[in-house]
Trainee: 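One structure coming up, written as structure tokens, with questions to follow.
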Protein chains: 2
Amino acid sequence: MGLRERKKEKTRLAIIDAALDLFLEQGYDSTTVEQIAGAVDVSPRTFFRYFTSKDHLALWFHDHGEEIILETLADRPRDEPPFTALMHALRAVLTDVECSTGEDAERFLKLRRLLDANPHLIGRSVARGAQTERRLAEVIAARRGVDPDKDQLTHLIVAFAMSTMRVGFECPRRDGTVAEIVTRMAESIDLAERSLRPGWDL
Amino acid sequence: MGLRERKKEKTRLAIIDAALDLFLEQGYDSTTVEQIAGAVDVSPRTFFRYFTSKDHLALWFHDHGEEIILETLADRPRDEPPFTALMHALRAVLTDVECSTGEDAERFLKLRRLLDANPHLIGRSVARGAQTERRLAEVIAARRGVDPDKDQLTHLIVAFAMSTMRVGFECPRRDGTVAEIVTRMAESIDLAERSLRPGWDL
DNA sequence: AACTATTCTGTCATAGTGTGCCATAAGTCA
DNA sequence: TGACTTATGGCACACTATGACAGAATAGTT
């Protein structure tokens with residue numbers, strides 16, 4: 001990796017960190033892009049080259065999570081029931097979070113606090129999740145050999161899976177270490193699996 | 001109802017109709033508030049007095065739907081399982097849509113076409129749904145006698161219910177009469193009820 | 001009908017997000 | 001070093017959204 005790319009990654013993380021701190025300090029809405037850019041000595045114009053929007057910045061972790069889910073899904077056996085495969089993908093995300101280094105863990109916790117304090121941001125987060133949902137619907141439809149535009153069950157499977165992830169992340173609203181939060185998210189996955197009729201997703 | 005209120009309602013509907021037509025004609029993003037306001041001979045400033053944002057306009061039906069759901073929920077017997085109660089509430093929304101008059105039905109169909117053409121708007125719609133979800137979580141938590149901030153199952157019940165509604169509305173992506181769409185949404189509700197283990201939501 | 005209070009509306013000013021364009025600076029490779 | 005590629009900054013601009021104030025329309029009262 002060349003100097004250029006390392007520098008970019010450094011700037012990217014610097015922007016995220018500065019933004020998270022400002023958001024938590026003075027609120028999401030009352031923090032301007034100008035302030036964030038100023039905090040890391042970068043022009044506002046450059047900010048928008050790293051993140052397409054302020055929302056995108058606050059939800060950057062979705063990009064990573066989606067990647068893991070899609071990769072895991074591609075590796076799951078073709079004949080595995082789709083919801084089961086999705087739950088495996090979610091657990092892969094948990095594992096990734098669990099193994100995050102000190103700084104990454106810090107960001108994860110800050111982000112959680114941020115979403116907790118700004119219900120409005122949860123809306124944005126869910127909206128981003130809808131994007132992931134569409135992509136997952138394509139994949140699951142292909143696995144099941146159905147037309148994604150016509151098969152309701154496919155969409156229901158994906159929607160339930162995303163709901164499971166979201167509930168695990170948002171609730172219960174209690175602070176804790178990364179390990180504790182991951183445990184709760186795993187509980188949510190178990191809960192969902194227990195709640196559904198065996199074979200419902202075939 | 002006085003002249004003043006009738007006039008307001010007329011303007012409100014005129015704005016919605018003009019906006020829907022412009023959105024479908026030239027796209028959501030490339031339609032400005034100025035254009036919408038101009039089409040109904042109203043100042044842009046007044047537009048924002050009727051709708052807090054362009055998104056709010058595009059998702060005005062959520063307000064009505066949420067109202068119906070909350071009302072229906074309040075009327076359901078206390079000892080009814082929560083998910084069952086929520087499904088009844090969703091069916092109440094369907095009944096309302098089904099009974100809508102010619103003009104309202106027109107708006108409903110236009111809106112559906114709009115969401116179909118702008119996946120980005122679906123994100124906004126889901127974000128608005130998250131707001132409803134929070135309110136429903138409060139109600140369901142009260143019914144179940146648990147703390148909404150701590151009980152995962154409560155949130156899972158609500159999230160699954162909202163997913164059911166959304167899947168029914170968005171999929172399959174096929175045009176049709178209001179009656180046809182309502183039928184599909186009812187199918188989605190049936191599908192969800194069949195997919196869950198009896199007693200999972202107690 | 002006239003008078004007053006209330007509410008709605010338009011105009012103006014302003015903050016903030018997001019984008020296109022072009023010149024410049026920095027990193028890359030021969 | 002020199003030529004090439006890519007990131008950055010600065011500028012102008014369009015759009016959404018809000019606050020403040022003045023004037024118009026409506027409602028209620030006498």
Side-chain angles (χ1 to χ4, degrees), chain A residues 1-16 18-20 22-23 25-60 62-63 114 118-121 123-125 127-128 131, chain B residues 1-16 18-20 22-23 25-60 62-63 114 118-121 123-125 127-128 131:
Chain A
M1 212 208 273
L3 167 62
R4 188 172 252 162
E5 287 190 45
R6 266 179 291 136
K7 217 172 175 179
K8 270 185 80 171
E9 187 60 14
K10 215 173 112 186
T11 313
R12 212 180 66 89
L13 291 176
I15 293 178
I16 290 175
L20 280 177
L22 284 169
F23 289 160
E25 204 177 302
Q26 55 185 25
Y28 179 77
D29 286 325
S30 30
T31 302
T32 68
V33 170
E34 202 179 350
Q35 284 179 302
I36 300 169
V40 284
D41 262 310
V42 154
S43 79
R45 188 66 189 84
T46 296
F47 172 94
F48 286 108
R49 287 198 178 96
Y50 280 88
F51 300 97
T52 56
S53 65
K54 221 170 92 174
D55 286 353
H56 181 207
L57 161 65
L59 306 173
W60 92 97
H62 272 276
D63 296 349
L114 182 64
N118 299 61
H120 144 265
L121 256 184
R124 309 302 180 98
S125 172
R128 175 64 180 82
Q131 196 180 314
Chain B
M1 214 208 269
L3 167 62
R4 193 169 248 160
E5 288 189 45
R6 267 179 290 135
K7 219 171 174 178
K8 270 185 80 174
E9 187 61 13
K10 216 174 114 187
T11 312
R12 212 181 64 90
L13 290 176
I15 293 177
I16 290 175
L20 280 177
L22 283 169
F23 289 160
E25 204 177 302
Q26 55 186 27
Y28 180 77
D29 285 326
S30 31
T31 302
T32 68
V33 171
E34 203 179 348
Q35 284 179 302
I36 300 169
V40 283
D41 263 310
V42 153
S43 81
R45 187 68 186 84
T46 295
F47 172 94
F48 287 106
R49 289 197 178 98
Y50 281 87
F51 300 97
T52 57
S53 65
K54 219 169 94 173
D55 286 353
H56 182 207
L57 161 65
L59 306 174
W60 92 98
H62 273 274
D63 297 349
L114 182 64
N118 299 59
H120 145 264
L121 256 184
R124 308 302 181 96
S125 173
R128 174 65 180 81
Q131 196 180 314

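The sequence lines fix the lettering, A, B, ..., with proteins before strands; numbering per chain opens at 1. Computation of the quantities below employed the complete heavy-atom set of this structure, encompassing side-chain atoms and omitting hydrogens, waters and symmetry-equivalent molecules.
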Trainee: From CD of Glu9(B) over to P of dT26(D), roughly how many Å is that when rounded to an integer?
Mentor: 17 Å
Trainee: Look at all strands and tell whether Thr31(B) reaches a base, only sugar-phosphate, or nothing, counting heavy atoms closer than 4.0 Å.
Mentor: sugar-phosphate
Trainee: Given side chain to side chain contact (heavy atoms under 4.5 Å, CB included), test Glu25(A) with Thr31(A) step by step and report yes or no.
Mentor: CA-CA 9 Å; Glu25(A) 204 177 302; Thr31(A) 302; over 6 Å; no
Trainee: Within less than 4.0 Å of OP1 or OP2 of dT26(D), is there a side-chain N or O belonging to Lys7(B)?
Mentor: yes
Trainee: Is there, by distance only and without an angle test, a donor paired with an acceptor across the side chain of Arg45(A) and the base of dG18(C) below 3.5 Å?
Mentor: no
Trainee: Where each residue is assigned the nucleotide of DNA chain D containing its nearest heavy atom, which of Asp55(B) and Arg49(B) is assigned the position nearer the 5′ end?
Mentor: Asp55(B)
Trainee: Hey, is the side chain of Lys54(B) poking within less than 4.0 Å of OP1 or OP2 on dA17(D), counting only N and O atoms?
Mentor: no
Trainee: Quick one: Tyr28(A) OH to dG16(C) C1', roughly how many Å, whole number?
Mentor: 12 Å
Trainee: Separation of Asp41(A) atom CG from dT8(D) atom C1', in whole Å?
Mentor: 13 Å
Trainee: Show, in sequence, the C-alpha distance, side-chain angles and deciding distance for Arg128(A) and Asp63(A), and conclude whether the side chain to side chain contact (heavy atoms under 4.5 Å, CB included) test is met.
Mentor: CA-CA 9 Å; Arg128(A) 175 64 180 82; Asp63(A) 296 349; 2.9 Å; yes
Trainee: What is the distance, to the nearest angstrom, from the CZ atom on Phe51(A) to the P atom on dT17(C)?
Mentor: 15 Å
Trainee: Going from CG on Leu57(A) to OH on Tyr50(A), what distance comes out if it is rounded to the nearest 0.5 angstrom?
Mentor: 13.0 Å
Trainee: Using atom CD of Glu5(A) as one end and atom P of dA26(C) as the other, report the distance to the nearest whole Å.
Mentor: 19 Å
Trainee: Do any side-chain nitrogens or oxygens of Thr46(A) fall under 4.0 Å of OP1 or OP2 in dG9(D)?
Mentor: yes
Trainee: Touch check for Tyr50(B), heavy atoms < 4.0 angstrom, all strands: base, sugar-phosphate only, or nothing?
Mentor: sugar-phosphate
Trainee: What I want to find out is whether Glu9(B) reaches Arg12(B) closely enough, with some N-O distance under 4.0 Å, to be called a salt bridge.
Mentor: yes
Trainee: Separation of Arg4(B) atom CZ from dC8(C) atom C1', in whole Å?
Mentor: 6 Å
